[in-house]
Amino acid sequence: MNIWLRNPFIIFITLFLLFSCTKKDPYSCISCHRGLHPGLVSDFENSKMSDHFSCEKCHGIKHSSKKDVSKTVLPVTATCQNCHEEKADQYLNGKHSIAFKAIESLPFTHNQPNAFIKGRKGCGGCHSAGFDKISDRYEKNSLKPKYGMGCINCHTRHMFSKKEAQEPESCKTCHTGFDHAQYEMWSGSKHGSIYLSNRAKGMDTKRVPKCQTCHMVNGNHNVITSWGFFGVRAFEKDQRWANDREVIFKSLGFIDSEGKKTDFYNKAVKLKMIRTDESEFNKIRNSMVRTCSKCHSKSFVMNNFKNTEEMMREADKLLAQAIREITIKEKEIPKMFSFYDVNTIYQEVLFNMFMDHRMKSFQAGFHMNPDYSTWYGYAKMKQDLIKIKESLK
Ligand code: HEC
Ligand code: HEC
Ligand code: HEC
Ligand code: HEC
Ligand code: HEC
Ligand code: HEC
Ligand code: HEC
Ligand code: HEC
């Protein structure tokens, strides 16, 4: 008789091994892919999810060889939502999930080279979130990139790590640079410099906040702030500020020269680029104040908000003045949203005044970085105004 059949122990072990292999990788995805890209497979094997299932849970089973690769499915938010309903629902109610819709909504996006959008070398690189249905991804003639989905912006493939996402560097690739230098502002602030130096020494980092402490309280994936990126809201009690904002709204194309709301305004409200709901604004603000109040007095915190908003008002005053000067010369309101597709020096300076310097003057206020508020923000706006006046002569 065969030695295999004679020894029940060997039979047991063999069956067990066979069973556990097929259970872990029933479609041989891993065994074939290990030879193709071992780095990818070892990341997945180091992820917590690999204890529970294999590749097919996200990519389907329609492809199983070199010849049918095109049948593979690339996952979308809904794929993760099947098992992580709460996180996905929160995420879908927040700002990240509409990042692609935001760039699509701008009138000039279609002038950008396609590689910038679909190829993810520019706007599309940071804004590729927003595929909720598999069909979104494969929409014909769509501007949407083939690769890129929202959850991996912080839980990188194929480790999908919670720990990695909890570090401020997971936000850095996007929240950096020209018009949203939050990483630089935070890392240079007292909060950031204490965090980074304590982390490097293995000391307690919890005494200071990182991005997630303030923007993802208790791991909430509904990420949104009161003012938002552009720092424009439709309601304003201060009449002078409201007048300046009206000029800015006209230049952004939100209202026409007669003050009527445009189609772009309606899109921008839907995507929450403009904040119109005062009670929602206050609700988000109050929750932020509660977070700060874990470590500071309420009056210290409110003082910080009050002063930042005063900075915004001063910055808007300069921006509106620049727009008014150009309007007198051109007899027409300059279009600020044309990005770098402009013909004159003063339009180019105006764009930078809005996108670069005005942003820094208030974003740095919210992120406690006096250097950015002053020298890269308000002071530059003053310079911009001089340049605009000079080039209008
Ligand atoms: C016989 C080998 C083999 C098996 C088995 C196999 N694959 Fe692949 N797979 C490939 C090859 C080859 C490619 C193309 C790789 C390349 O472009 O470098 C590929 C590509 C892919 C891609 C990338 C598609 C893209 O558009 O970038 C995914 C995802 C994928 N496979 C998932 C799976 C899953 C899930 C299974 C199991 C159900 C599986 N594979 C089984 C060989 C295999
Ligand atoms: C079939 C169900 C299923 C799907 C689909 C799924 N997950 Fe998971 N995920 C799990 C399970 C189960 C765990 C818990 C693993 C553990 O703690 O042992 C987990 C854990 C995680 C974690 C925490 C890992 C850690 O380090 O603690 C993250 C992050 C995560 N998944 C992200 C995703 C993303 C992103 C997607 C979509 C691309 C996704 N998951 C799709 C079942 C799933
Ligand atoms: C480095 C990454 C990155 C690149 C490249 C990038 N963006 Fe963004 N974009 C962001 C981030 C981060 C935000 C949110 C910033 C904030 O709220 O302060 C944002 C916000 C926006 C918003 C505002 C969304 C809203 O609802 O308030 C628009 C519109 C936008 N970007 C358009 C573009 C366009 C168009 C391009 C290409 C010309 C582009 N972005 C390139 C990262 C990027
Ligand atoms: C929890 C869900 C999940 C599992 C499980 C998973 N993937 Fe992926 N995979 C993704 C996501 C998300 C992307 C990124 C899609 C994109 O770029 O839009 C991706 C992309 C890919 C790509 C193309 C991009 C690249 O980096 O090359 C390949 C190849 C791939 N996966 C192979 C695999 C293989 C092989 C396995 C099993 C070892 C696996 N995946 C398991 C979610 C998963
Ligand atoms: C902006 C960054 C970011 C994005 C985008 C993001 N996550 Fe997370 N995720 C985090 C952070 C940070 C944590 C850790 C939260 C905490 O400290 O409890 C986390 C935790 C998780 C966990 C672990 C929950 C637990 O406590 O065990 C899961 C599961 C998860 N995310 C799934 C997802 C899914 C699914 C998506 C896409 C729908 C997604 N995440 C998108 C940053 C992000
Ligand atoms: C101490 C808390 C705190 C920390 C830490 C923090 N932020 Fe903020 N952040 C704020 C506040 C407050 C606002 C403005 C909220 C409002 O509109 O009322 C804000 C606003 C934002 C905005 C909207 C545009 C803007 O800048 O005003 C983005 C995007 C943002 N933060 C990203 C980040 C990122 C990325 C990090 C980490 C590098 C970070 N934040 C760290 C408190 C914080
Ligand atoms: C892949 C790029 C990317 C990464 C990584 C990323 N973000 Fe964002 N974030 C964006 C874009 C793009 C937007 C603007 C989306 C929109 O409003 O349409 C945004 C918006 C935000 C906003 C909302 C601003 C508003 O309008 O109210 C906050 C706050 C924010 N991100 C914080 C974070 C934090 C914290 C992390 C890290 C845990 C992070 N982000 C990681 C690209 C990214
Ligand atoms: C986890 C605790 C923690 C949270 C949450 C926190 N801070 Fe801080 N903050 C600190 C510590 C510690 C310092 C460093 C103290 C110092 O500079 O003397 C600091 C410093 C500051 C400073 C600069 C120091 C100064 O005296 O001018 C400001 C401003 C500030 N925080 C405002 C805020 C605001 C506003 C929020 C909420 C948006 C906030 N902090 C959230 C712990 C925290």
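Atoms within each ligand, like the ligands themselves, are counted from 1 in listed order. Here the structure is a predicted model, which means the values were calculated and not measured.
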Look at atom 7 (N) of ligand 1 and say whether a protein heavy atom is found at less than 4.0 angstrom from it. yes
Numbering the atoms of ligand 4 from 1, which are under 4.0 Å from a heavy atom of I152? 12 (C), 14 (C)
Could you tell me, atom by atom, which parts of ligand 4 come under 4.0 Å of a heavy atom of M149? 12 (C), 18 (O)
Where ligand 2 meets C151 - atom numbers and elements under 4.0 angstrom, heavy-atom basis: 35 (C)
N82: heavy atom below 4.0 Å from ligand 2, yes or no? no
Is there a path from F300 to F366 through hydrophobic residues (I, L, V, M, F, W, Y) whose side chains come within less than 4.5 Å of each other? no
H59: heavy atom below 4.0 Å from ligand 4, yes or no? yes
Here the atoms of ligand 4 under 4.0 Å from any heavy atom belonging to R137 are 15 (C), 16 (C), 18 (O)
Distance alone, cut at 3.5 Å: any donor-acceptor contact between the side chains of N343 and Q347? no
Check whether any heavy atom of K62 sits under 4.0 Å from an atom of ligand 1. no
Applying a 4.0 Å heavy-atom criterion (strictly less than), which segment of Y147 is in contact with ligand 4: side chain, backbone, both, or neither? both
Ligand 2 N/O within reach of K162 N/O, cut-off under 3.5 Å: yes
Provide the number and element of each atom of ligand 4 under 4.0 Å from a heavy atom of S54. 5 (C)
Can you confirm whether the side chains of Y376 and E184 place a donor and an acceptor under 3.5 Å from each other? no
Is ligand 1 under 4.0 Å from a heavy atom in the side chain of C29, in the backbone, in both, or in neither? both
Counting only heavy atoms on the protein side, is anything nearer than 4.0 Å to atom 35 (C) of ligand 1? yes
When you compare ligand 2 with D51, is there at least one nitrogen or oxygen pair between them that comes in under 3.5 angstrom? no
Can we call the ring centroids of W186 and Y195 under 6.0 Å apart? yes
State the atoms of ligand 1, each with its element, that fall below the 4.0 Å cut-off from a heavy-atom position in L36. 10 (C), 11 (C), 12 (C), 42 (C)
G60 near ligand 1 by a heavy-atom separation under 4.0 Å: yes
Should you measure from each heavy atom of V69, which atoms of ligand 1 turn up under 4.0 Å away? 11 (C), 13 (C), 14 (C), 19 (C), 20 (C)
For ligand 1, indicate whether the residue H63 contacts it via side chain, backbone, both or neither (heavy-atom separation under 4.0 Å). both
Polar contact flag for S161 and ligand 2 (N/O pairs, less than 3.5 Å): no
Shared hydrophobic cluster, W227 / I224 (ILVMFWY, side-chain heavy atoms < 4.5 Å): no
Among Y91, F53, F160, whose heavy atom sits nearest atom 28 (C) of ligand 2? F160
Any side-chain donor paired with an acceptor under 3.5 Å for Q363 and Y372? no
Looking at ligand 1, does any of its N/O atoms fall within less than 3.5 Å of an N/O of K146? yes
Which atoms of ligand 4 have any heavy atom of I30 under 4.0 Å away? 38 (C)
With the threshold set at under 4.0 angstrom, would you say P75 reaches ligand 2 through any of its heavy atoms? no
In the protein, what heavy atom is nearest to atom 1 (C) of ligand 1, and what distance, to one decimal place, separates them? C32 SG, 2.9 Å
The atoms of ligand 4 lying under 4.0 Å from a heavy atom of G148, numbered in the order shown, are 16 (C), 17 (O), 18 (O)
Which atoms of ligand 4 are found less than 4.0 Å from any heavy atom of H33? 35 (C)
For S226, does its backbone N or O pair with a side-chain atom of R275 as donor and acceptor, under 3.5 Å? yes
Is it the side chain (CB and beyond), the backbone, both or neither of T79 that lies under 4.0 Å from ligand 4, heavy atoms counted? neither
List ligand 4 atoms under 4.0 Å from M49, heavy atoms only on the residue side. 1 (C)
Note: heavy atom closest to atom 9 (N) of ligand 4, options H84, H158, R157, belongs to H158
Polar contact flag, side-chain donor to acceptor under 3.5 angstrom, N282-N286: no
